[in-house]
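Have a look at the structure below before the remarks.
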Amino acid sequence: MPAIILNYREVAKLRSTYVDALPRLVRTDTGLVHTSYNQALAVTGRLSSNSPNLQNIPIRTDRGREIRKAFIPRSAEYTLLSADYSQIELRIMAALSQDEHLVAAFNSGEDVHRATAARVFNVPLSDVSSEMRRRAKMVNFGMIYGITAFGLAERLGIPRAEGREIHEAFFRLFPTIKGYMDNCVNRAREQGYAETMLGRRQYLRDISSANATVRGYAERNAINMPIQGSAADMIKLAMIRLDKELTTRNMKSKLLLQVHDELVLDAHLSEVTELKSLVEECMQQAMPLPNVPVEVGVGTGPNWLEAH
DNA sequence: AATTTCACG
DNA sequence: ACGTACGTGAAATTA
């Protein structure tokens, strides 16, 4: 019975939000779907997309991926190009904290989730199981959000005591990250705001609240905002550079979408080779991170799904 | 109008 | 004793 309900919910969500809604939003004057971006809404500095939101097109399930396939180039002379930053928020956490282990993992080209797994579960890199890697991945992402031991246990579906052990192990093994996060909170308390690498601010009026729940929320904001917001700063700079180059080079290809760590372009077939290196260059060089390489993956395809 | 649920990074 | 991972938007449901 639960499986039947969950299956129904998935289908109902995909149908009402995407399959039925998007065709109605095709504009009769252009024959295209046009989104809008809010450039000054999200407190971290991210963009948001609405009417329709094209930053939450499905990709996580097979049925969802069928919907993503519907996004295609404007004509037969074009192909879709997608370029995305690899693990950009973790790289920014490495750069901001300068944690030697995380920085080393990125510089040696290691699988960073495997590296975390090996350390947290105290096994050689070669002995990391897929389950250990899966858990380490949730640990790594959780850290970016300022997750608690309790929250980690919930996410991993394990007893609280085990969640606490992993949480403590992480901060014991990455002491620089622990110190960095404490600094984030302390600085936010002194300044009244958190800030990105480029100085974008999020004011945190609750950072000294007497209510522990309210204060905890502000403290997690103080940890997350510099990471999420610096990634937003970076891709915005990349977009500005890319737009300038597309214009000055008189290129036919067009920037279509931004999805936080990804840019999607309608690439004219005659420009694909040049465009691939141009986009990669703009994204990679937009905002260099001290001691941490920035990696960009670029692909093309007949639809958004296959461009990845 | 507010809340719930669920789609994405 | 209490609450517990960040940022969004759209559709359906509830009030």
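Please read all numbers here as calculations on a predicted model, not as lab measurements. In what follows, chains carry the letters A, B, and so on, assigned in the order in which the sequence lines appear, proteins first and then strands, with residues in each chain numbered from 1.
Nucleotide dG9(C) forms a Watson-Crick or G-U wobble pair with dC6(B), both donor-acceptor distances falling under 3.5 Å.
For the residue pair Ser129(A) and Glu131(A), no side-chain donor N or O sits within less than 3.5 Å of a side-chain acceptor on the partner. For the residue pair Thr176(A)/Glu100(A), the side-chain donor-acceptor check at 3.5 Å is not satisfied. Side-chain atoms of Ser49(A) and Thr35(A) include a donor-acceptor pair closer than 3.5 Å.
Other residues, nucleotides and ligands contribute more than 12 heavy atoms inside 6.0 Å of the CG atom of Asp20(A).
Whole-Å rounding puts the Met225(A) CE to dT8(C) P distance at 11 Å. Between Asn7(A) atom CG and dT5(B) atom C1' there is a gap of 16 Å when expressed in whole angstrom units. To the nearest angstrom, P of dA7(B) lies 15 Å from CG of Leu22(A). Between the CZ atom of Arg9(A) and the C1' atom of dT13(C) there is a distance of 12 Å, given to the nearest Å. A straight line from CD of Glu10(A) to P of dA11(C) spans 18 Å, rounded to a whole angstrom. Rounding to whole angstrom units, CD1 of residue Ile147(A) and P of dG7(C) are separated by 14 Å. In this structure, Leu305(A) places its CG atom 12 Å from P of dC8(B), rounding to the nearest Å. Here the P atom of nucleotide dA5(C) and the CZ atom of Arg220(A) are 5 Å apart, to the nearest Å.
dT4(C) and dT4(B) have their P atoms separated by 13 Å, given to the nearest Å.
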Expected list for residues 187-198 of chain A: side-chain donor-acceptor pairs under 3.5 angstrom, two or more places apart:
residue: Arg189(A); atom: NH1; partner: Asn186(A); partner atom: OD1; Å: 3.0
residue: Tyr193(A); atom: OH; partner: Arg201(A); partner atom: NH2; Å: 3.3
residue: Thr196(A); atom: OG1; partner: Leu198(A); partner atom: N; Å: 3.3
residue: Thr196(A); atom: OG1; partner: Gly199(A); partner atom: N; Å: 3.3
residue: Thr196(A); atom: OG1; partner: Arg200(A); partner atom: N; Å: 3.0
residue: Thr196(A); atom: OG1; partner: Asp233(A); partner atom: OD2; Å: 2.6

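Side chain of Phe150(A), nearest nucleotide from dT4(C), dA12(C), dT5(B): dT4(C). Nearest nucleotide to the side chain of Asn224(A), out of dA10(C), dA12(C), dC6(C): dC6(C).
Although no hydrogens or angles enter the test, the distance criterion places no donor-acceptor pair under 3.5 Å between the side chain of Glu77(A) and the main chain of His268(A).
Residue Gly216(A) is classed as having no contact, given no heavy-atom separation below 4.0 Å to the nucleic acid. Using a 4.0 Å heavy-atom cutoff across all strands shown, Tyr18(A) reaches sugar-phosphate atoms only and no base atom. Across all strands shown, Ala231(A) has no heavy atoms under 4.0 Å from either base or sugar-phosphate atoms.
Ring orientation note: the planes of Phe174(A) and His101(A) are nearly perpendicular, at an angle over 60° on the 30°/60° scale.
In this model, the phosphate group of dG9(B) is approached by a side-chain N or O of Arg60(A) to a distance below 4.0 Å at OP1 or OP2.
Nearest-nucleotide mapping onto DNA chain C: of Tyr217(A) and Arg160(A), the residue sitting toward the 5' end is Arg160(A).
Less than 4.0 Å separates DNA chain B from at least one heavy atom of each of the following residues of residues 27-59 of chain A: Arg46(A), Gln55(A), Asn56(A), Ile57(A), Pro58(A), Ile59(A). Within residues 258-267 of chain A, the residues having any heavy atom under 4.0 Å from DNA chain B are, by residue number, Val259(A), His260(A), Asp261(A).
The residues Glu271(A) and Arg249(A) are annotated as not salt-bridged, no charged nitrogen and carboxylate oxygen being separated by less than 4.0 angstrom. A salt bridge does not link Glu245(A) to Arg241(A): none of the charged nitrogens lies less than 4.0 Å from a carboxylate oxygen. A salt bridge links Arg91(A) to Glu295(A): at least one charged side-chain nitrogen sits closer than 4.0 Å to a carboxylate oxygen.
Judged by atom type and distance alone, Arg155(A) reaches the base of dA5(C) through a side-chain donor-acceptor pair under 3.5 Å.
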